[in-house]
Undergrad: 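Take this structure, written in structure tokens, and hold onto it; I'll ask about it next.
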Amino acid sequence: MTVPRRAADAPDPVAPLVQHLVATTGLDEAEARRVVGDVVAFHREGVDDYVRRRHAALQARGLRNPEIFTRVAAELAERVVAPPALSERQLRRIVYG
């Protein structure tokens, strides 16, 4: 994932972070931009997509719904920009409609 394009005259909002990563990690600029792009994409994932993805992953590991929904609710609360708290019923509706 790459950082989205911007207008030629617009300031680069990730430039300071990219330069910090280059200076502190040994990554070159292209690698640092890729890392920033990956982090932005990770945090851009919507709540519904996150819930469905995590439900499928945890179910594949053999967990049952009560434990899955408890775990997913806790994970959502720990996100950098946490959504409002969702009940088990709301999580179930996201997964099963």
Side-chain angles (χ1 to χ4, degrees):
M1 173 75 185
T2 59
V3 175
R5 291 186 167 241
R6 58 184 167 73
D9 59 343
D12 183 358
V14 300
L17 179 57
V18 169
Q19 291 310 310
H20 176 74
L21 289 173
V22 168
T24 61
T25 65
L27 296 174
D28 65 37
E29 185 171 344
E31 293 168 324
R33 284 198 171 276
R34 185 189 59 75
V35 169
V36 170
D38 288 348
V39 171
V40 168
F42 175 83
H43 286 290
R44 188 174 281 148
E45 182 179 27
V47 173
D48 290 2
D49 292 334
Y50 179 85
V51 169
R52 287 186 196 103
R53 179 176 61 78
R54 287 297 292 147
H55 180 270
L58 294 170
Q59 196 172 46
R61 290 180 34 200
L63 277 68
R64 303 190 53 92
N65 278 343
E67 185 177 357
I68 290 171
F69 293 132
T70 299
R71 184 176 294 189
V72 169
E75 290 173 2
L76 287 171
E78 294 296 320
R79 292 189 72 150
V80 172
V81 179
L86 299 173
S87 68
E88 182 176 330
R89 181 172 186 241
Q90 290 170 310
L91 293 169
R92 186 177 300 279
R93 290 193 79 176
I94 290 171
V95 173
Y96 296 112

Undergrad: Which distance, rounded to the nearest 0.5 Å, do you find between the CD of E75 and the CD of E78?
TA: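 These two atoms lie 9.5 Å from each other.
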
Undergrad: If only atom types and distance count, is the side chain of Q90 paired as donor or acceptor with the main-chain N or O of S87 below 3.5 Å?
TA: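 Side chain of Q90 to backbone of S87: a pair is present.
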
Undergrad: For the residue pair L21 and R33, establish whether any side-chain heavy-atom pair is separated by less than 4.5 Å.
TA: no

Undergrad: So do the side chains of T25 and H20 get within less than 4.5 Å of each other, counting heavy atoms only?
TA: no

Undergrad: Name all residues meeting the salt bridge (charged side-chain N to carboxylate O under 4.0 Å, His left out) criterion together with R93; count only those two or more places apart in sequence or in a different chain, and write none if there are none.
TA: none

Undergrad: Could you list the cluster mates of I94? Members are the ILVMFWY residues connected by side-chain heavy atoms closer than 4.5 Å, either directly or through other members.
TA: V47, Y50, V51, L58, L63, I68, F69, V72, L76, L86, L91, V95, Y96

Undergrad: Working to the nearest 0.5 Å, report the span between CZ of R61 and CD of E67.
TA: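 The CZ atom of R61 sits 9.0 Å away from the CD atom of E67.
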
Undergrad: Would you say that H43 contacts V39 through its side chain, given a criterion of any heavy-atom pair below 4.5 Å between the two side chains?
TA: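 Sidechains of V39 and H43: in contact.
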
Undergrad: Do you know which two heavy atoms are closest between R79 and E45, and how far apart they sit?
TA: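 Minimum heavy-atom contact is NH2-O, 3.7 Å.
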
Undergrad: Given 3.5 Å as the limit, does a donor-acceptor pair link the side chain of E31 with the main chain of D28, or not?
TA: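 Yes, because the side chain of E31 sits within donor-acceptor range (under 3.5 Å) of the backbone of D28.
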
Undergrad: To check you understand the geometry: which heavy-atom pair defines the closest contact between A82 and A77, and what is its length?
TA: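 Taking A82 first and A77 second, the nearest heavy atoms are CB-O, 3.7 Å.
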
